[in-house]
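Here is the structure we will look at.
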Amino acid sequence: MTIIKTDEDNRSLATPRRYAWEAEETLVEQRRRKLRYRIQRFVGNNWGKALLLTIVIVLLFDEQAMIFFVQQALPFVLRFFMIAGLIIGQFAAMFWFLGRSRMYTIWPGQEGVSFADYRGQPELLEQAKQIVMLLRGVRVFEEAGGEPLNGLLLEGPPGTGKTWLAQAISTEAGVPFFFVDASSMNSMFIGIAPLKVMNVYRRARRAASEYGASVIFIDEIDAIGARGGMAARSNEARAPFTRLPIMFGGMGAGTGLLSTLLIEMSGFSLEHGWWARKRTWWYKTILRRNPPKPRKRVLTIGATNRIGALDAALLRPGRFDKKIRVDAPDLEGRRDIIAYYLSKMAHDDSMDPLILASETPFYTPADIKYLLNEALRYALFDGRTYMTYRDFKLAQPEHEMGVRTPIKNMSREAKRRLAAHEGGHALAVRLFMPEHRISRITIISQGFALGHVSHQPATEEFDYMSTYEHLMNRLRVSVGGKAGEMEFCGEGEQTLGVGMGIGDGSDFGNIRYVLNMMADAGMFGPLGESGRLSAETREAMEETFRMVLDEVRLAFRLHRDMGEALIELLMEKEELLADEVEAFFDQYGLYTPKVKLYQDDDLIVVGSEKEAAQ
């Protein structure tokens with residue numbers, strides 16, 4: 001089919017059409033054009049106004065109607081509206097009270113966390129500074145054609161400083177900060193949870209209109225943003241019916257909460273809500289121009305340690321545009337965090353931040369702060385107003401394992417077996433892992449452990465960079481306890497202290513864990529194996545275990561005098577800290593390495609050059 005059009009000179013222009021119905025008039029166009037539909041639209045949109053106008057005209061021109069209205073109808077109408085207003089007001093007050101979520105507000109100018117207080121993650125700090133620049137210069141960014149950041153998701157383990165970072169962003173940007181506990185948005189009444197979300201964003205947008213922008217921080221957002229599915233619905237379907245429906249959450253107390261959060265984050269209500277329609281009418285009817293584009297000046301920051309549980313619609317660009325992984329700091333980061341907290345606490349010169357950082361691998365900022373606080377508590381109960389390295393080492397195992405509970409009724413023979421076991425581990429560390437530092441050897445019970453040896457690398461290590469020889473040395477250290485019992489107490493004196501699990505922290509748990517990692521990496525065959533191991537792989541793993549056990553036993557025989565002396569020292573003191581362990585092994589020429597930190601191609605070493613050379 002061809003449709004004929006004309007240009008300015010009345011010359012025909014042929015525009016080809018693919019389908020015949022493309023030129024037909026639609027029903028919408030017919031309704032707009034015909035007169036009866038225009039009348040229907042006019043009456044439908046203005047019947048209320050017309051009725052009210054008719055009543056006013058009748059009352060003005062009819063005396064009897066006016067008397068009836070004033071004496072009978074008007075009092076009834078007033079009583080009706082009074083009673084209705086009272087009922088509606090009660091419900092409005094109740095919903096206003098129930099619709100308030102647990103929210104804390106930090107206004108600009110109040111004391112808050114700044115970037116100077118955020119330590120240990122310089123890369124994250126740089127990202128946060130860029131976000132602050134966008135919040136401050138959001139108008140310039142919009143004029144350049146960009147859209148401001150709508151959502152920021154902070155994901156990582158607990159205690160890594162996600163809340164701290166979000167508050168620092170708000171403080172540095174000079175905008176209001178609304179802290180919301182995600183679980184407080186849930187409600188037992190249907191419809192209240194979405195109302196809470198709308199109230200939070202309403203307050204944030206009102207503050208943003210005054211200060212230019214605002215920040216909403218939702219902690220543990222997985223409590224309301226978790227992914228739904230048929231599994232959850234089927235579980236609900238099988239649940240026994242023990243409550244009334246609708247009013248008390250029979251259809252789900254959080255019904256509509258996630259949907260409302262998605263809509264508020266997208267800003268859909270700003271363009272299509274009731275107020276948006278009135279605003280559009282004002283601009284187009286009165287001002288005779290198109291309304292300006294609504295400003296999205298509310299930054300939503302969410303924090304979670306279970307990003308896999310969040311709904312995919314929440315993670316898409318336009319909701320949480322940017323995602324930042326906040327992980328535990330590395331050696332340099334821990335050193336910076338420890339130095340920051342030590343600057344606020346009384347301590348002596350034995351508290352070297354680099355040494356403390358090397359002895360706290362995988363610690364989060366929250367762990368470090370708590371540990372230093374506990375060390376100061378030890379010092380105060382010891383009669384001092386400052387903490388020392390010994391206070392730190394006494395507080396650390398209590399934080400990791402539990403309260404110290406020395407065994408008071410252990411025989412000397414059993415105590416010697418325990419000392420031989422822990423001494424064997426320490427001896428294996430010095431012989432086979434010379435790059436590690438031993439910070440503690442103890443035979444005092446703490447938590448589930450009757451004794452333990454703490455050792456850490458002198459430089460930063462990464463698990464996925466472990467070589468075959470490094471993994472073999474880990475096996476040698478793990479079997480050191482068993483070898484120590486066999487060599488220093490006799491083969492018939494072996495105990496169950498080696499443990500039985502896989503990856504449970506016991507000796508055999510660590511041995512099985514390392515052997516399985518080696519098997520998965522293909523170190524026992526041409527291909528890595530996962531899941532069920534073949535007979536050949538199991539045989540290779542068993543042979544490797546017997547080989548390292550024999551190697552460690554032979555090494556202990558060659559250093560028998562040192563092993564016996566270490567056992568006697570443990571029997572006497574029960575616990576040796578880093579300086580005592582270092583002094584003991586220095587007598588036998590096994591020197592403890594100094595902590596090393598590579599920073600911008602520069603090497604930072606704890607101790608003097610002479611000690612570092614050793």
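Values below: every heavy atom of this structure, side chains too, minus hydrogens, waters and symmetry copies.
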Are any of the side-chain heavy atoms of [X] and [Y] separated by less than 4.5 Å?
X      : Y      : answer
Glu575 : Arg404 : yes
Phe217 : Thr300 : no
Ile221 : Leu310 : yes
Met387 : Leu372 : yes
Ile216 : Ile301 : no
Arg437 : Ile355 : yes
Met472 : Thr544 : yes
Pro157 : Asn305 : no

Would you call [X] and [Y] a salt bridge, using N to O less than 4.0 angstrom?
X      : Y      : answer
Arg476 : Glu469 : yes
Glu220 : Arg306 : no
Glu542 : Arg538 : no
Glu332 : Arg335 : no
Glu435 : Lys596 : no

Measure across [X] and [Y] and return the closest heavy-atom pair with its distance rounded to 0.1 Å.
X      : Y      : value
Asp348 : Tyr389 : OD1-N, 4.3 Å
Ala128 : Leu165 : CB-CD1, 3.7 Å
Leu314 : Gly225 : CD2-CA, 4.0 Å
Ile307 : Glu155 : CB-CG, 3.5 Å
Ala426 : Ile441 : CB-CD1, 3.4 Å
Leu570 : Ala419 : CD1-O, 3.8 Å

How many angstroms lie between [atom1] in [X] and [atom2] in [Y], if you round to the nearest 0.5 Å?
X      : Y      : atom1 : atom2 : value
Glu172 : Leu125 : CD    : CG    : 8.5 Å
Leu576 : Ile443 : CG    : CD1   : 9.0 Å
Ile567 : Glu572 : CD1   : CD    : 14.0 Å
Glu123 : Ile324 : CD    : CD1   : 11.5 Å
Gln396 : Met401 : CD    : CE    : 8.5 Å
Asp330 : Leu597 : CG    : CG    : 8.5 Å

Heavy atoms of other groups near [X] [atom1], more than 12 under 6.0 Å:
X      : atom1 : result
Glu564 : CD    : yes
Lys369 : NZ    : no
Arg390 : CZ    : no
Glu539 : CD    : no

Just by modelled atom types, is the [Y] backbone N or O under 3.5 Å from a matching donor or acceptor in the [X] side chain?
X      : Y      : value
Asn473 : His470 : no
Glu487 : Gly563 : no
Arg430 : Pro434 : yes
Thr160 : Asp327 : no
Trp164 : Arg119 : no
Ser454 : Ser439 : no

Do [X] and [Y] pair up side chain to side chain, a donor and an acceptor below 3.5 Å, judged on atom types alone?
X      : Y      : value
Gln167 : Tyr118 : no
Glu398 : Tyr378 : yes
Asp507 : Ser478 : no

Worked check of salt bridge (Lys or Arg N to Asp or Glu O under 4.0 Å) between Arg384 and Asp391: CA-CA 11 Å; Arg384 289 175 283 107; Asp391 298 322; 2.9 Å; yes

Leu431, Val429, Ile438 screened by side-chain contact (heavy atoms from CB on, under 4.5 Å) with Phe585, the one that passes: Ile438

Qualifying ring-ring contact (aromatic ring centres under 6.0 Å, His included) pairs, either residue in residues 326-364, two or more places apart: Tyr363-His399

Aromatic plane relationship, Phe177 with Phe179 - under 30° parallel, 30 to 60° tilted, over 60° perpendicular: tilted

Listed partners of Phe556 passing ring-ring contact (aromatic ring centres under 6.0 Å, His included), at least two apart: Phe488

Those residues that, when tested against Lys322, pass side chain to side chain donor-acceptor pair (under 3.5 Å) (two or more places apart): Gln127

